[in-house]
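Atoms within each ligand, like the ligands themselves, are counted from 1 in listed order. Count residues from 1 along the sequence. Small disclaimer: the values here were computed from a predicted structure and weren't measured.
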Amino acid sequence: MNKQLTQLLAIIMLSSLLLTACSKQAEDETKVTEVLLQGKTMGTTYHVKVVATEKAVKEKQLQAQIDDLLKNINQQMSTYIPDSELSRFNAQQSTEPVEISDELREVIAESLRIGELSGGKLDITVGPLVNLWGFGPEYRPEKVPSDKQLIETKARTGLDKLVLEGNLLSKKIPELYVDLSTTAKGYGVDKVAELVEKNGFNNYLVEIGGEMRLKGFKHTGELWHVAIEKPVNGERAIYQIIVPKDNAVATSGDYRNYFEENGQRFSHIIDPDTGKPINHKLVSVTVIHPSSMTADGLSTTLMVMGPEKGLAFAQAHNIAALFIVKTEHGFVQENTVKFVQYLK
Ligand code: ADP
Ligand code: MG
């Protein structure tokens, strides 16, 4: 959805290190490979790996279908496209309900559900605060705002100011601004995954800007592996390998997107209660869930909550989550009971 997302792409990288020699033969016989389709969307990149023959993928014109689908989603949900459905809602000054598309409704409804579940920690109306701190579509001041600015801006946010009833969406104040950066990428992943399946492919990996969803097996017959990167700036090392099976994987991490002032780091994730960027020792959260949209939203939610509250919340709600926390003694990994099954 935004330019910063590009930098987050590398949070997770695919592990294709584990190919075995014996599968090579099978591959030659059937000529099934991992066909890679890729492109740009939502201010970032996408990659789709389909286990099939090149011929089958071409015949279905899968690349064109994916590009069309993503273009449509962007035209609905991007805050970077001035005439997108969401941008038009944001720009409108009226507080009268407007009828929105089913797609936009689905993403807003899920975002509001997680928002409510988390006591407002996931808040799709924080846009003005994101911009104030310099991480949104507006310019990037790289400067700490004043208390006055903070109070004024915070007054323009809040989930209580957005009402969704069926497909009718309304705002309680004209200047309310909805930002779906935390769930729209995941939604895109889900829709691409459904499209790939509709075309008859049942072994695939779909990834947009680091959010991914997998199904079935690689062309080698192995399960898909995902490597979680070591959370250090300027370094690319594998931290933990996971086997998510037929699920989505989302990682939220603040270590690639921040600015510094007087030695303090300011993340692009805002705690809606303080109106300020999060400031704690949690460096990344990975969530596994059947829905990429839900995983995407939950990973950001847990990131906002921080190491203790996030872990307690994930345990209480039976969320498969892995936390990487920075301590004096280096990085410490913590995970919920539900995540154990995915650890390699
Ligand atoms: P991450 O991969 O770190 O989770 P995302 O791109 O998914 O990052 O989400 C971060 C973006 O979400 C920010 O750039 C901002 O636009 C928006 N955002 C920041 N704080 C919140 C919040 N508390 N609730 C919802 N959206 C937020
Ligand atoms: Mg996220």
Side-chain angles (χ1 to χ4, degrees), residues 1-12 41-45 77-80 86 90 107-108 110-138 140 153-154 157-159 162 176-189 207-212 228-229 231 248-259 265-280 282-287 289 292-306 309-310 313 321 323-324:
M1 285 265 112
N2 59 38
K3 278 179 210 140
Q4 290 110 37
L5 301 179
T6 319
Q7 293 157 282
L8 295 168
L9 166 66
I11 289 169
I12 303 173
T41 186
M42 303 186 182
T44 183
T45 53
M77 295 170 205
S78 173
T79 48
Y80 285 77
L86 185 59
N90 284 337
V107 179
I108 291 177
E110 180 61 0
S111 306
L112 292 177
R113 184 189 72 83
I114 299 173
E116 219 167 275
L117 189 74
S118 65
K121 290 297 187 188
L122 189 79
D123 184 344
I124 54 174
T125 73
V126 293
L129 288 164
V130 175
N131 284 332
L132 180 67
W133 288 93
F135 292 103
E138 289 173 24
R140 181 174 179 144
T153 310
K154 205 165 169 287
T157 71
L159 290 176
L162 184 69
L176 196 76
Y177 176 93
V178 177
D179 163 17
L180 298 174
S181 295
T182 51
T183 36
K185 259 186 304 170
Y187 177 79
V189 169
E207 177 264 346
I208 303 176
E211 310 300 340
M212 60 173 77
I228 297 174
E229 206 178 276
V249 185
T251 295
S252 176
D254 78 325
Y255 52 97
R256 285 194 193 280
N257 209 343
Y258 66 91
F259 73 91
R265 264 170 168 232
F266 292 96
S267 157
H268 71 142
I269 293 177
I270 304 288
D271 182 342
D273 290 326
T274 62
K276 296 178 180 174
I278 50 168
N279 186 12
H280 50 57
L282 183 54
V283 282
S284 82
V285 185
T286 298
V287 170
H289 191 276
S292 180
M293 171 168 62
T294 303
D296 197 1
L298 285 176
S299 63
T300 306
T301 305
L302 297 175
M303 194 69 203
V304 178
M305 289 180 171
K309 284 188 184 142
F313 180 87
F323 297 74
I324 300 177

Pick from [options]: the one approaching [atom] most closely through a non-hydrogen atom:
atom: atom 16 (O) of ligand 1; options: L302, T183, T251, D179; answer: D179
atom: atom 23 (N) of ligand 1; options: D123, T44, I270; answer: I270
atom: atom 4 (O) of ligand 1; options: G210, G209, G43, S252; answer: S252

**Study point:** Exercise: do T251 and S284 side chains pair donor with acceptor under 3.5 Å
**Key:**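 The criterion, which ignores hydrogens and geometry beyond distance, is not satisfied for S284 and T251.
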
Check your understanding: Are side-chain N/O atoms of E110 and T183 paired as donor and acceptor at under 3.5 Å?
Key ->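 On atom types as modelled, these side chains do not qualify, holding no pair under 3.5 Å.
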
If you measure every N or O of [X] against every N or O of ligand 1, does any of those distances drop under 3.5 Å?
X: V304; answer: no
X: S299; answer: no
X: E211; answer: no

Exercise for review: Let me know which of T182, L298, V107 forms a side-chain contact (heavy atoms from CB on, under 4.5 Å) with M293.
Suggested key: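 Answer after filtering T182, L298, V107: V107.
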
Practice item. Taking N90 for its side chain and V178 for its backbone only, find out whether a donor-acceptor pair lies under 3.5 Å. Key: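 Confirmed, N90 side chain pairs with V178 backbone.
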
Exercise for review: Give a yes or no on whether the backbone of I270 and the side-chain of W133 come within a donor-acceptor separation of less than 3.5 Å.
Suggested key: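 Side chain of W133 to backbone of I270, a donor-acceptor pair under 3.5 Å: no, none is there.
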
Practice item. Tell me, please: is T301 in heavy-atom contact with ligand 1, that is, under 4.0 Å? Key: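 No; T301 lies far enough from ligand 1 that no heavy-atom distance drops under 4.0 Å.
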
Review point. Hey, does H268 sit under 4.0 Å from ligand 1 if you only count heavy atoms?
Key: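 H268: in contact with ligand 1 (<4.0 Å).
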
Exercise for review: Answer yes or no: is there a side-chain heavy-atom contact under 4.5 Å between L176 and L162?
Suggested key: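 SC-SC contact between L176 and L162 confirmed.
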
Exercise for review: Examine the proximity of ligand 1 to V126 and report which part, side chain or backbone, both or neither, has a heavy atom under 4.0 Å away.
Suggested key: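 It is the side chain that touches ligand 1; the backbone stays farther off.
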
